[in-house]
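What follows is a single structure, written as structure tokens, with notes after it.
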Amino acid sequence: MTNQIPEITLHDGLQIPSVGFGTYKLKGESGAQAINHAIANGYRLLDSAYNYENEATVGEAIRRSSVPREELLVTSKLPGRYHHYDDAIVTIQESLLRANLDYYDLYLIHWPNPIQDNYVEAWQALIDAKKFGYIRSIGVCNFLPEHLERLKKETGILPTVNQIELHPLFNQEEQLKFHEEHHIATESWSPLSRASDLLRDETLQKIADQHNRTISQIILRWHYQLGAIAIPKSAAPSRQKENISIFDFELSEEEMTIINSLTKQDGRLKDQDPAVYEEF
């Protein structure tokens, strides 16, 4: 299948697809098969993490694929327990060894862990890892504007990507404005599964019926029109195809407003506020 997913250009020049494939909980033989199906179905951006314990599975799926490595964009993430500089460098090397890859296209700090307050040191490690050729582009996850501003102040370099919790119940309007002003691309983690109740929402169903689409497709199209890179996960090949079949219709301005109106002041679904939440 020819990849039909539009691309966006990060501020360092790297071009990445506007929809990626999440691999959380996809492990072992079944995980490798699911990821391999995703690649065959047109996905080129694969999202993993050290803490998912499946970097080897992702690497195996890549090896089994007929798609050349250079056409794929592979992401992994640095866990909080390895934020000290030397630990971070070794962990990035370990990530590469696990996946049997020569480089990652995108490597992210998974959480800022502000109470530990080592994220600037971790960021410097990513800056250097890029210089060493381990990584093509560097970014973060779950960083608030205050964390991003500190990275800029202390290192002079802003992330190309910030992967955040984003769904119709929590549309992150102010965070998205900050990203746009600073040329940081937004990725949406768990754009569907964290908002599973939305898949039965009557308002979204009406919009879906108008377009003869599923609610999942409406939500993913909403992400795309917000300018966010959604990374849905599904082991089912049919659902994988459905999740990237969103580029031949458009939501109206009114429909976008209706979907945005579903947001709540703090719609985080598992109380993971990056100002206080820490993950190791």
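Values below: every heavy atom of this structure, side chains too, minus hydrogens, waters and symmetry copies. The model shown is predicted, which means the values in this text are computed figures rather than measured ones.
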Would you call the rings of Phe170 and His167 parallel, tilted or perpendicular, taking 30° and 60° as the class edges? tilted
Could you check whether Tyr82 and Tyr50 have their ring centres less than 6.0 Å apart? yes
Which is it for Asp47 and Lys77 under the salt bridge (charged side-chain N to carboxylate O under 4.0 Å, His left out) test, yes or no, and what are the steps along the way? CA-CA 9 Å; Asp47 183 82; Lys77 309 182 189 81; 2.7 Å; yes
Does the pair Glu94/Arg98 count as a salt bridge with the N-to-O cut at 4.0 Å? yes
According to salt bridge (Lys or Arg N to Asp or Glu O under 4.0 Å), who are the partners of Glu253, at least two apart in sequence or on a separate chain? none
Could you pull out the closest heavy-atom pair between His110 and Ala49, with the gap in Å? CE1-CB, 3.7 Å
Should the pair Arg69-Asp102 be classified as a salt bridge under the 4.0 Å nitrogen-to-oxygen rule? no
Are Asp248 and Arg213 close enough for a salt bridge, meaning some N to O gap below 4.0 Å? yes
Taken in chain and number order and not counting sequence neighbours, the residues that satisfy side chain to side chain donor-acceptor pair (under 3.5 Å) with Glu250 are none
Listed partners of Glu29 passing side chain to side chain donor-acceptor pair (under 3.5 Å), at least two apart: Gln33, Arg64
Enumerate the ring-ring contact (aromatic ring centres under 6.0 Å, His included) contacts for residues 258-280, please, sequence neighbours excluded, ordered by first and then second residue. Trp111-Tyr277
For Ile258, check side-chain contact (heavy atoms from CB on, under 4.5 Å) against everything at least two apart and list the hits. Thr203, Ile207, Glu254
Can you list the residues that meet the side chain to side chain donor-acceptor pair (under 3.5 Å) rule with Asn243, with sequence neighbours excluded? none
Sidechain N-carboxylate O distance under 4.0 Å for Asp12, Arg136: no
Residues Lys152 and Glu149 bridged, charged N to O under 4.0 Å: no
Lys177/Glu180 salt bridge by N-O under 4.0 Å criterion: no
